[in-house]
S.K.: 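One structure coming up, written as structure tokens, with questions to follow.
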Amino acid sequence: VQLQACGGGLVQAGGSLRLSCAASGRTFSWSGAGWFRQAPGKEREFVAGISRGGGTSLYADSVKGRFTISRDNAKNTVYLQMNSLKPEDTAVYYCALKPYGLGQDALEFDYWGQGTQVTVSS
């Protein structure tokens, strides 16, 4: 399985971005998906996760109400809509897949994309 993330960029505080992550292979629809991020000098942290059917999602408290994770299994793609962006959201964002259900622990995820940079200016 290979994951290709895109959609990052430079945006002003209060703006929006939509990240996409396209997956190759047949396991996508059987996999839980998640987005993580890593800021300079900080550990990678969980941002959002979604169940394999898309019916259940989880969010970190820091992004709840501002970010929305979704997926299109027909397109093997998971999305992260980011609204009301803040400078503290600046990080490299990674998509990842894990077997079956939801998860927040990076160790549970088997496949990782290459990351896409999101920079939010104040």
Side-chain angles (χ1 to χ4, degrees):
V1 176
Q2 291 186 329
L3 303 177
Q4 182 71 39
C6 62
L10 173 64
V11 64
Q12 289 187 333
S16 299
L17 284 173
R18 189 192 195 202
L19 306 183
S20 299
C21 177
S24 64
R26 299 181 178 181
T27 61
F28 180 81
S29 62
W30 294 98
S31 303
W35 288 95
F36 293 77
R37 67 186 181 186
Q38 188 166 19
K42 295 186 177 181
E43 294 186 351
R44 189 172 298 190
E45 64 174 358
F46 170 80
V47 175
I50 190 166
S51 60
R52 58 181 179 174
T56 306
S57 55
L58 291 173
Y59 297 93
D61 288 343
S62 59
V63 306
K64 203 171 293 184
R66 299 188 297 122
F67 291 10
T68 303
I69 189 171
S70 61
R71 66 189 294 164
D72 185 339
N73 286 346
K75 296 182 179 180
N76 277 15
T77 302
V78 60
Y79 305 96
L80 186 68
Q81 178 66 44
M82 306 185 294
N83 298 328
S84 302
L85 282 161
K86 304 176 181 180
E88 52 263 43
D89 294 318
T90 295
V92 177
Y93 283 70
Y94 299 89
C95 59
L97 298 181
K98 67 177 297 293
Y100 305 115
L102 288 172
Q104 301 182 55
D105 186 345
L107 295 176
E108 297 177 357
F109 288 77
D110 296 331
Y111 303 103
W112 291 83
Q114 85 287 2
T116 184
Q117 176 71 47
V118 172
T119 302
V120 184
S121 63
S122 57

S.K.: Which heavy-atom pair separates Tyr79 from Ser20 by the least distance, and what is that distance?
M.R.: CD2-OG, 3.4 Å
S.K.: Work out which heavy atom in Ala33 is nearest to a heavy atom in Leu97; give both atom names and the distance.
M.R.: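 Between these two residues, the closest heavy atoms are CB-CD2, 3.8 Å.
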S.K.: Please determine if Lys86 and Asp89 form a salt bridge, counting it only when a charged side-chain N lies under 4.0 Å from a carboxylate O.
M.R.: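 Judged by the 4.0 Å cut-off on N to carboxylate O distance, Lys86 and Asp89 do not form a salt bridge.
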S.K.: With rounding to the nearest 0.5 Å, note down the distance linking OG1 in Thr27 to CZ in Arg52.
M.R.: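 It comes to 12.0 Å.
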S.K.: Taking all atoms of both residues into account, what is the closest heavy-atom pair of Leu19 and Tyr93, and its distance?
M.R.: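 Looks like CD1-CB, 3.6 Å.
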S.K.: Listed by chain and number, what are the side-chain hydrogen bond (donor to acceptor under 3.5 Å, both in side chains) partners of Ser16, not counting sequence neighbours?
M.R.: Asn83
S.K.: Under the ring pair (Phe, Tyr, Trp, His ring centres under 6.0 Å) test, which residues partner Phe109, sequence neighbours left out?
M.R.: Phe36
S.K.: Between Ser29 and Asn73 (side chain of the first, backbone of the second, donor and acceptor by atom type, cut-off under 3.5 Å), is there such a pair?
M.R.: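 Side chain of Ser29 to backbone of Asn73, a donor-acceptor pair under 3.5 Å: no, none is there.
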S.K.: Can Phe46 be reached from Trp112 by stepping across I, L, V, M, F, W or Y side chains whose heavy atoms are under 4.5 Å apart?
M.R.: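 Per the 4.5 Å side-chain linkage, Trp112 and Phe46 are co-clustered.
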S.K.: Other than Leu10, which residues form its hydrophobic cluster under the rule that side-chain heavy atoms must be closer than 4.5 Å?
M.R.: none
S.K.: Can you tell me how far CG of Leu85 sits from CZ of Arg66, rounded to the nearest 0.5 angstrom?
M.R.: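 One finds 6.5 Å between CZ of Arg66 and CG of Leu85.
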S.K.: Drop me the distance from Leu80's CG to Thr68's OG1, to the nearest 0.5 angstrom.
M.R.: 8.0 Å
S.K.: State, yes or no, whether a side-chain contact exists between Phe28 and Val1 at a heavy-atom distance under 4.5 Å.
M.R.: no
S.K.: Can you give me the closest heavy-atom contact between Tyr94 and Gln114, atom names plus distance?
M.R.: CE2-O, 3.6 Å
S.K.: Flag the pair Met82 / Val120 as yes when at least one side-chain heavy-atom distance between them is below 4.5 Å, and no otherwise.
M.R.: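 The answer is no, as the side chains (C-beta and beyond) never meet within the 4.5 Å cut-off.
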S.K.: Using the side-chain hydrogen bond (donor to acceptor under 3.5 Å, both in side chains) criterion, which residues pair with Arg44? Sequence neighbours excluded.
M.R.: none
S.K.: Using the side-chain hydrogen bond (donor to acceptor under 3.5 Å, both in side chains) criterion, which residues pair with Lys42? Sequence neighbours excluded.
M.R.: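 Not a single residue meets the side-chain hydrogen bond (donor to acceptor under 3.5 Å, both in side chains) criterion with Lys42.
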S.K.: Less than 2.5 angstrom apart at the SG atoms, yes or no, for Cys21 and Cys95?
M.R.: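 Yes, disulfide present: SG-SG under 2.5 Å.
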S.K.: Please answer: with hydrophobic residues joined when any side-chain heavy atoms are less than 4.5 Å apart, are Val11 and Phe67 in the same cluster?
M.R.: yes
S.K.: Same cluster or not: are Leu58 and Trp35 linked, directly or through other Ile, Leu, Val, Met, Phe, Trp or Tyr residues, by side-chain heavy atoms under 4.5 angstrom apart?
M.R.: no
S.K.: Could you pull out the closest heavy-atom pair between Ala91 and Ala39, with the gap in Å?
M.R.: CB-N, 3.8 Å
S.K.: If you measure from CD1 on Ile50 to OG on Ser31, what distance do you get to the nearest 0.5 Å?
M.R.: 12.5 Å
S.K.: Report the distance from atom OG of Ser57 to atom CZ of Arg71, rounding to the nearest 0.5 Å.
M.R.: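 It is 11.5 Å, given to the nearest 0.5 Å.
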S.K.: Using side-chain hydrogen bond (donor to acceptor under 3.5 Å, both in side chains) as the criterion, list what pairs up with Gln4, not counting sequence neighbours.
M.R.: none
S.K.: So which atom in Glu45 and which in Arg37 form the shortest heavy-atom distance, rounded to 0.1 Å?
M.R.: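 Of all heavy-atom pairs spanning Glu45 and Arg37, the closest is OE2-NE, 2.6 Å.
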